[in-house]
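Accompanying notes for the structure given below.
Throughout, protein chains are lettered first and strands after them, A, B, ... in sequence-line order, and every chain is numbered starting at 1. Values below: every heavy atom of this structure, side chains too, minus hydrogens, waters and symmetry copies.
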Amino acid sequence: MDYATLLQMLDATLRLATPLLLACLAGLYSERAGVFDIGLEGKMLMAAMSSAAVAALTGSVWVGLLAGIGGSLLFALVHGVASITFRGNQLIAGVALNFVASGVTVLIAQDLFQQGGRTAALTGAARFAQIDLPFAESLRAVPILGPFYAEVLSGHTILVYVALLLVPLTWWVLFRTRFGLRLRAVGENPASVDTAGVSVVRLRYTAVLITGVLCGLAGAYMATGLQAGFGREMTAGRGYIALAALIFAKWRPWYCLYATLLFGFLQALALRPDVIERVVGVNVPIPALDALPYILTVVVLAGLVGKATPPRAGGEAYVKER
Amino acid sequence: DLGGKFDKSFNEAAFNGAKKWADETGGTFKELEMQSEAQREQALRRLAESGANPVVMTGFAFGDVLNQVAPDFPDTKFAIIDMVVDQPNVKSVVFTEDQGSYLVGMAAALASKTNTVGFIGGMDIPLIRRFGCGYAQGVKAVNPDATVILNMTGTTPAAWNDPVKGAELAKSQKSQGADVIYAAAGGTGVGVLQAAADEGILSIGVDSNQNGMHPGKVLTSMVKRVDVAVYNAFKEGTDLVPGINVLDLKGEGVGYAMDENNAALITAEMQATIDAAAEKIKSGELVVHDYMSDNTCPAATF
Amino acid sequence: MAAQAKGGRQATAAPTSPYAIELKGISKAFGPVQANKDINIQVPRGTIHGIIGENGAGKSTLMSILYGFYRADSGQILINGTPTAIPDSQSAIRAGIGMVFQHFKLVQNFTVLENVILGAEDGPMLNSSLTKARKVLADLSREYELDVNPDALIEDLSVGHQQRVEILKALYRQADILILDEPTGVLTPEEADHLFRILKGLKDQGKTIILITHKLREIMEATDHVSVMRRGTMVATVKTAESSPESLAELMVGRKVLLEVEKGPAKVGQTVLTVENLSVKDEHGVVRLKGVSFEIKAGEILGIAGVAGNGQSELLEALGGIARASGRIALNGTNLPLTGAKANGQTRRAAGISHVPEDRQALGLIMDFAAWENVAFGYHNAPEYQKNPLIMDNAAIWADTEKKMATYDVRPPIPSLPAKSFSGGNQQKIVVAREMERNPDLLLIGQPTRGVDIGAIEFIHKQIIALRDQGKAILLVSVELDEIMSLSDRIAVMFDGQLMGFRDPETTNERELGLMMAGMNGKAAT
Amino acid sequence: MTKLPTWADVVLVPLISLLLAAIVSAVVLLSIGQSPMEALSVMVEGSVGSAYAWGYTLYYATSFIFTGLAVTVAFHGSLFNIGGEGQAQLGGLGVALVCLALPWPHWTLALMAAMIGAAVFGAAWAAIPAWLQAKRGSHIVITTIMFNYIAAALLIYLLVNVLRPDGQMDPASARFPEGAKLPQFADIPLLQNLFAKYGPDGAVKLGKDGLAVYEQVPANVTFFIAVAACFAVWALMWRTRLGYEIRAFGKSEKAARYAGISPFKIIMVAMLISGALSGMMAINNVMGESERLLQNSAEGAGFIGIAVALMGRNHPAGVFLAAILFGILYQGGAELGLWTSIPIELRTVVQGLVILFTGALDQMVRMMLGVFFRPNRKGAA
Ligand SMILES: Nc1ncnc2c1ncn2[C@@H]1O[C@H](COP(=O)(O)OP(=O)(O)OP(=O)(O)O)[C@@H](O)[C@H]1O
Ligand SMILES: Nc1ncnc2c1ncn2[C@@H]1O[C@H](COP(=O)(O)OP(=O)(O)OP(=O)(O)O)[C@@H](O)[C@H]1O
Ligand SMILES: [Mg+2]
Ligand SMILES: [Mg+2]
């Protein structure tokens, strides 16, 4: 594989990893606070639809972005009500919301645009434009790093850079702030937080809503950055891959970045069977590449590469009085 | 087909044909969209049950199901596009996509500055290879040294509706030097055309005239008159003649699209070259190899 | 003191009342269970106040209400004479109350420091809080002998140290009133002594301490006043100096306690159980049972005494086939498997071992199953419960349940009632009936009368003796020394996973056993 | 919180949940400018309004019974098997391999063999997550989700590269031989009379061969197998030692250990039975209906099984009723898609809402109902 091809694939990796990364960080907040969320997919889908629809109607991608976050937040709120306030089964709530999202996005898009469940194609200011990083062109001449900077790092939409910045930010929030300390504690032992005089319910809602915002970014990126509009089921299981990445990352922010980059790279690789054939020398079936993130996750879950211990109080509602 | 009615391409063309008929005759038609493979039979039966006649379906995937259903409704006429179904009450409409693709291939080669052009197919099936093969022949006819990069989106019907992958494939082809990309991929093509426009290279649409999707950035479109086929089927109504109906260049079943959106892209000189070839094909002087005739292609390897 | 809790507390400047805490008419129900009924109590400032009562009497509930963990259905709380609403723990902390729960509320994978500052951080950033807490912690540990490594993870600490962290948490929040819920239940005698020294020091600093415990000895030694609870009500508050263990026990249970068991001399037969060098590791790889050897003969009760958590549970589990073990166990001369698929409760039962587990709710019963289903629990493969090789004979189980309920006076005698709807004592009767009626060669019985009322205690004790007199071997594990002394034919004391020695109940005394339970060789002391 | 009487918990809670789901769906419909009443009437008419409609409804219900039972069995062992979808797809593979292996002389033989094939393949696909849970403590919810995706990828590969006959374009296996064709309702004597077609004159329509013509509906003999499976699961769970052990383990793993019940065995067996039941669903759709293996053949029935089990309160009788209900919903939804401008996705929304209200907001429903069942304490206070 020549360097140009590699760069192109890394470029694609970054693009494809971004929605995974945003969703993965989203799941990180919720699960670190003890609320398991297999509804990332549904929230992303909801955000993709609302952002694309509103961007198409208003012509402004920023209004669309807000709408996408709003749509995702709505679902996050329902998840919170079900699993925090009413102490329902968090997993079932997630499954249910994925169903609802899958259907309701098409219903709304069809009602608004009459295009078979798509939104109108976005153009101009209704889409996120690619940002060229400073000196991208002039630095291109620098050997190795220049093209890398210009091809891979430069030329993405703003949300890609936001996602990347969110990694250190999340790390800092979780491990360097009071909020992070409490958030991690509530996912490990909510009673410790409660007896320390901090509201478990409020903390968990905050975490779930942050999840909503980040899923909103992920969905909006899908529809207004990566693509130019919403199409039915357009997230195509990315919420589940993000979940897999979260486990792969053992619920740690920097590892989330690495895991999603790996999975993004696998997705990019699945687009280029020719490259694989050239490098490996055998024809690897595409479905095998598609399945690889899931297989890797199972391997991690099996404890074959270090044990992934989820937050101890995860998946359970906090019940004081039986 | 699964790409969805508003794929701006294949299915939309079919819908437009039906609509034209309805507008002209005041007739009514029922349209059904499939959500899943397994739904086809139910939908087909329900339509025939309800007394619809004729029933027109678009896409090869109906072939197997139609083979099962058609005998149960001997009084109903069926028309299927892109597939041959041998039943006494079925009309099969097929197109010579190889010919149309040959012409746009020529256009691509004439427009390319890098001598590298791309092709992005939808689902990897012989039908789509026929597109790609015709295209490659057209390219080589103009410029025997040109490189044609061929990619398929996938192996399942999901490949008709994967704009993200379409866009990524287009970007990857661009990075390999392609500056004109032909998308024969249903809804996936939306992503291809979008990415090409974003990346500042040219694209070629398919089935419908897609020149207007990104004016000035779509070189041309390989039009396949699915609308005409549907229109005709409806117009014939219950008198639909069973058998195989081949719509070719000569019968204006396929062609390439010129309009104000791409007028600046295709010079008169280019157009003359292409038209000359078209004439030769019509007259039979030039034979474009059909991939599906022997599953080989002289100009490309899949 | 160095610590300065954020936001300050309610003014403690001019105490208008000699009482640090007054509770007036506190009631609390959990669904059908009335855990606290119209409780009144007054705790003078600067004293150690004991609270005793049987299991489920409502002690923890009352204290959790005081700490704002639960909300009372009705009643009033006065702190230093001021009526104070304590809707949540934050308010309790602000009112200067700290609590060390029966089950610690620590985050296992946090450091000591992180646990201490949790909820009492200085500001949105952690750094300054951590720096400050480190200093305060150093001061506190010097002041009160409370040293722990501030950077250690909780999961690496012993229970005793974890408890210190809980106390540090309260002190860091400048608690003036400290509640400790059964603090010594999990401690070694040495750690317990240490704890009482700390409490003494705190009291001398003017702090008020409420101490919940089951151990009358601790009450007598450490407290100034003691309150007795029974079935959700407060039956009395007395000066410790003016009471005696006997009078307190009587208040607790509601009538004269009579723990003398009538039993004849043992007619000892052949060796039934041989245990050699038995060891058990827990899931973290810690050795909890360290090479124990003993024998039990037919017609003999061997009592195992010891502070909870010294390996008794592991011994029962190893014998009952629940835990994997190494060493040798032989029943009537036949070796039993200790590892592998064959080492399970089913094969042990088949070999003739019955097991009344220490924790009936977690092990002995399926709380959601009906009583009749629980009667078959563990014996669901027994031939008399099968209609044919495929189908169980539910009618037979039902009939058997009715019979057992009658014999053991289970109330209410309704086989279809789920186990969770029976009171603790009746739950225990169901388990005891199931295991004893199997006519085993060896009965393992753990804490047979924990939380059981006097009438049922007598009944269960009689059953145990009757089984012995039928020539069965019995292994009795109990934390109640009285029970061990009155039932056993031989007593072994366990400490730190080992047997400290065997004693004859006729010739030993509580003092000697107590020393052995603390890890000292009793012989030397006598 | 007030404790509800058993009957209210078993009957009223699901009904109220259903009602809430219906109300929210109606609101969704109103907000996209559609009439809920019209939608309801189309759905009801199209799903239960005729023998023909029932022929579809029961076909879907058959699939849901299998997947619902699958979730139920695992649930009793406190295992949340979300992998029904993948297991059903693998079951389909098993059915296809069996059916294509031999020119079956008679459908009964083919059915027996296909049932084994479906069960074995479905169970095998559940076995790995089960083993990982039992031996390594890997959360079964996550592993089964992963295995759904792996199953989908595996089937695509096999259908495209292995099972697709030469010259065929769509990724599907060859058609099964004639001998593997299961009798559909219209082929079953007596039952078929319900599906007779009538000419304009009201007489039964006759075909060219002079025989009566019947409506072709996909419901087939598998329905009766599904009913038998309900009974079998009931007997298993409440009449056998294995069922007793599964339920005991599901309530308390610790206590089960005390009783000598092997957690490993129960996790494995419960998941294998669950996977086998999911796999058996393929008899209905792959062998009974499409008669060849298609991509994504399970069509979400594995997920609907979760809703069915929740609605059916994890009891086979409840699962049966809930499966019929979801059959109605599914077929009614398809009719909506066919005859109205309401997208077929409405049924996905309703499914999701039913799962949400029955499975996650059940406490809320109980609290609402609790108001009515509160003892007179309030009056006294
Ligand atoms: N969170 C709860 N939900 C429901 N019931 C509870 C709860 N906590 C306690 N109870 C019930 O309230 C009653 C009093 O319990 P509590 O824990 O206060 O007793 P206790 O005196 O501390 O007993 P122990 O000596 O065993 O610690 C018991 O019947 C118990 O089952
Ligand atoms: N969770 C529950 N559900 C239904 N009824 C219960 C529940 N818990 C307790 N009860 C009922 O409340 C009554 C009191 O229960 P509790 O456990 O407090 O009894 P107790 O006074 O401790 O009796 P014992 O001395 O036998 O242990 C019992 O008769 C029991 O039937
Ligand atoms: Mg207590
Ligand atoms: Mg009790």
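Per-residue counts of heavy-atom pairs under 4.5 Å with chain D were compared for A/Asp290, A/Leu91, A/Ile38; the largest is that of A/Leu91. Interface check for chain A: of the options D/Ile145, D/Val160, D/Ile82, D/Ile342, the most heavy-atom pairs under 4.5 Å are formed by D/Ile145. Looking only at heavy-atom pairs under 4.5 Å with chain D, the residue among A/Thr105, A/Val95, A/Leu97, A/Leu107 that has the most is A/Leu107. Here D/Ile142 is the residue among D/Asp362, D/Ile142, D/Val354 with the most heavy-atom pairs under 4.5 Å with chain A. Chosen from D/Ile32, D/Ile355, D/Val349, D/Leu356, the residue pairing most often with chain A at heavy-atom distances under 4.5 Å is D/Ile32.
Contact detail for A/Ala76 and A/Leu209: the closest heavy-atom pair is CB-CD2, 4.4 Å.
Rounded to the nearest 0.5 Å, atoms CD (D/Glu253) and OG (D/Ser78) are 7.0 Å apart. The CZ atom of A/Arg252 sits 8.5 Å away from the CZ atom of A/Arg32 when rounded to the nearest 0.5 Å. If you take CZ on A/Arg238 and SG on A/Cys215, they are separated by 14.0 Å, rounding to the nearest 0.5 Å. One distance of note links CD of D/Glu85 with CG of D/Leu90; it measures 11.5 Å at 0.5 Å rounding. Distance check: D/Ser35 OG to D/Leu30 CG gives 7.5 Å after rounding to the nearest 0.5 Å.
Residue contact with chain D, scored on non-hydrogen atoms closer than 4.5 Å, involves the backbone and the side chain of A/Ser102 alike. In this structure, chain D has no heavy atom under 4.5 Å from any part of A/Leu112. D/Phe357 does not touch chain A: none of its heavy atoms, backbone or side chain, sits under 4.5 Å away. At a 4.5 Å heavy-atom cutoff, D/Thr358 makes no contact with chain A through either its backbone or its side chain.
Formation of a donor-acceptor pair under 3.5 Å by the D/Arg164 side chain with backbone atoms of D/Asn161 is not found in this model. At distances below 3.5 Å, not a single donor-acceptor pair connects side-chain atoms of A/His79 with backbone N or O atoms of A/Val208. The backbone N or O of A/Arg87 sits nowhere less than 3.5 Å from a side-chain atom of D/Gln363 that would complete a donor-acceptor pair.
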(request) Please assess A/Met222 against A/Phe230 for the test side chain to side chain contact (heavy atoms under 4.5 Å, CB included), listing each intermediate value before the final yes or no. (result) CA-CA 8 Å; A/Met222 287 290 301; A/Phe230 166 82; over 6 Å; no
(request) Go through the steps for A/Tyr205 and A/Thr85 under the test side-chain hydrogen bond (donor to acceptor under 3.5 Å, both in side chains), then give the verdict. (result) CA-CA 9 Å; A/Tyr205 264 106; A/Thr85 304; 2.4 Å; yes
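For the side chain to side chain contact (heavy atoms under 4.5 Å, CB included) test with D/Thr144, the passing option among D/Asn81, D/Ile128, D/Leu132, D/Leu79 is D/Asn81; the others fail. D/Met43 pairs with exactly one of D/Leu329, D/Thr340, D/Ile328 by the side chain to side chain contact (heavy atoms under 4.5 Å, CB included) rule, that one being D/Leu329.
The stretch residues 146-157 of chain D places D/Met146, D/Phe147, D/Tyr149, D/Ile150, D/Ala153, D/Ile156, D/Tyr157 near chain A, each with some heavy atom under 4.5 Å from a heavy atom of that chain. Heavy-atom neighbours of chain A within the stretch residues 305-313 of chain D, taken at a separation under 4.5 angstrom, comprise D/Ile306, D/Leu310.
By the 30° and 60° cut-offs, the orientation of the rings of D/Phe326 relative to D/Phe64 is perpendicular.
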